[in-house]
Amino acid sequence: MNIAMLGSGFIARFYADSLQAQRAKDSLISVYSRNIDKAKKFAEDYKLTFFSDDMDTVVGRADVDAVVISLPNNLHEAAVAACAKAKKHVLCTKPLGRNAAEAKRMLDMVEEAGIMGGYLEDLCYTPKNLKAIKAVKDGNIGKVLWAKSREAHPGPHSDWFWDHEQSGGGAMVDLGCHCVEIARNYIGKEIRPVEVMCWAATQVHPIKAEDSAIGIVKYANGAIGQFEVSWCFRGGMDLRDEVMGTEGTIWLNNFLRTGFEMFSTGKSGYVSEKAESSSGWLFPVGDEVHELGYTNMFTDMFNAIENKTEPLESFYDGYIVNAILDACYASAKTGRWEPVQIEGWRGDKTDDYGSNYVSYDEHYYLIKKEILPHGDHKLILKHKVTGEVIVRDSEVDA
């Protein structure tokens, strides 16, 4: 498959590194950039056969099968429109849109054009996340009650992120989109997000948008998704996830602590994304593009195109994320729970998901089973009719 890259900046180079990291049948062949000198430099660095500062020319070439969008947020819609017009499969970096209305228009474009719209949400494809999501789907931790995701670092690399109009927001749209979608994968994408409560503030930087935010997303089955994001965190990039289920718990540390530590007096160069220093104790990452999910992500996307199936992360997922974030921004302003407005929900429409209570027998619910320090086995039970809570020695019941 021949691929055209739209954009030549930081994320475009991460994507290109991933696409060219191993021998493969998919080839990056051309690049578009608004700056022709940057397009030329990108083409030289990655040995591409064509570059241009005209987007339609790059997208419309007959030798291009799929297009990767790695442009600022305010240019996503125009780029998707160009791909839809040319009938080229399109993979778009996160967030899909600056808001849900923009994302919905892009979703409609690709579906009307009959092309695949892949949502490049790399952190859902990290090796740890894929394995953890499978564990959840296999029932290893029971029903998910709470999924928390955190991303914090010293702030983005490019100027446009800091411009509210170009980006559509601040840390919440930049980082919260990752965290919201990670939680959706654990809770279940078929479960509808219902309402949100969010705090956001500009704590440090002289910008219009928020540089820190915390949000709670309530789902129709009672599960809670929680995110913590910040552009004010010092010390690198902190990516962590926690999932609590009725039968187990998962903790993931994806980046800042990976089991690879190195001390340097400052002779080293690049350490890892968002690293703030090249001296002292450093925390490199072995294969950064793989650990951040890029290789798994592109493999899934191109397999979906070839097999005419949906990728794990689609434009529809990107739209749902934007809808949740819209509600978060509304809640941050009002200080109240705000509903998530979704046009054309495609998931579960169930109203009653039942109780999480575990029956001990016909008379009692089981609240807790435990072993005390001196070896006694205890049961804490609640009567189903009277509501009385009792403690019982489990050996008596044996």
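For this chain, numbers begin at 1 and follow the sequence in order.
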Does a donor on one side chain and an acceptor on the other come within less than 3.5 Å for [X] and [Y]?
X: D348; Y: T350; answer: yes
X: H374; Y: D376; answer: yes
X: D159; Y: Q166; answer: no
X: Y125; Y: D300; answer: yes
X: T202; Y: K208; answer: no

Does the side chain of [X] reach to within under 4.5 Å of the side chain of [Y], using non-hydrogen atoms?
X: T126; Y: N254; value: yes
X: L292; Y: L239; value: yes
X: R184; Y: D317; value: yes
X: L96; Y: H76; value: no
X: T249; Y: V243; value: no
X: V321; Y: L325; value: yes

Using 30° and 60° as the class boundaries, would you call the ring planes of H383 and Y364 parallel, tilted or perpendicular? perpendicular

Angle class for the Y316/Y319 ring planes (parallel below 30°, perpendicular above 60°, tilted otherwise)? tilted

More than 12 heavy atoms of other groups within 6.0 Å of [X] [atom1]:
X: R105; atom1: CZ; value: yes
X: Y353; atom1: OH; value: yes
X: W199; atom1: CH2; value: yes
X: E343; atom1: CD; value: no
X: K128; atom1: NZ; value: yes
X: K384; atom1: NZ; value: yes
X: K143; atom1: NZ; value: yes

Could you give me the CA-CA distance, side-chain angles and deciding distance for K218 and E195, then say whether salt bridge (Lys or Arg N to Asp or Glu O under 4.0 Å) is met? CA-CA 5 Å; K218 188 183 297 182; E195 58 182 348; 3.1 Å; yes

Look up atom [atom1] in [X] and atom [atom2] in [Y], then write down how far apart they are to the nearest 0.5 Å.
X: D241; Y: N253; atom1: CG; atom2: CG; result: 9.0 Å
X: N296; Y: Y294; atom1: CG; atom2: OH; result: 12.5 Å
X: E210; Y: C198; atom1: CD; atom2: SG; result: 8.0 Å
X: I69; Y: M55; atom1: CD1; atom2: CE; result: 7.5 Å
X: W146; Y: M244; atom1: CH2; atom2: CE; result: 6.5 Å
X: R61; Y: K88; atom1: CZ; atom2: NZ; result: 9.5 Å

Measure from the side-chain N and O atoms of [X] to the backbone N and O of [Y], and report whether any donor-acceptor pair falls under 3.5 Å.
X: N303; Y: T299; answer: yes
X: K134; Y: N129; answer: no
X: N322; Y: A103; answer: no
X: N73; Y: S167; answer: yes
X: S331; Y: R336; answer: yes
X: E121; Y: L123; answer: yes
X: D65; Y: N2; answer: yes

E151 and R240: salt bridge (Lys or Arg N to Asp or Glu O under 4.0 Å), yes or no, with the steps? CA-CA 7 Å; E151 181 170 359; R240 281 181 283 164; over 6 Å; no

Between H205 and W162 (judged by ring centroids, cut-off 6.0 Å), do the two rings come close enough to count as a pair? yes

Aromatic ring centroids of Y46 and F42 under 6.0 Å? yes

Cation-aromatic face contact K94/Y119, 6.0 Å, 45 degrees: no

Given the ring of F233, does R150 sit roughly above its face, with NZ or CZ under 6.0 Å from the centre of the six-membered ring and within 45° of the axis? yes

May I have the step-by-step check of salt bridge (Lys or Arg N to Asp or Glu O under 4.0 Å) for K349 and E190, ending in yes or no? CA-CA 9 Å; K349 296 178 172 62; E190 74 281 3; over 6 Å; no

Residues E111 and K104 bridged, charged N to O under 4.0 Å: no

Assess whether salt bridge (Lys or Arg N to Asp or Glu O under 4.0 Å) is satisfied between R13 and D17, documenting all intermediate values. CA-CA 6 Å; R13 287 181 174 272; D17 288 343; over 6 Å; no

Stepwise side-chain contact (heavy atoms from CB on, under 4.5 Å) test for F298 and L91: CA-CA 9 Å; F298 283 117; L91 318 179; 4.1 Å; yes

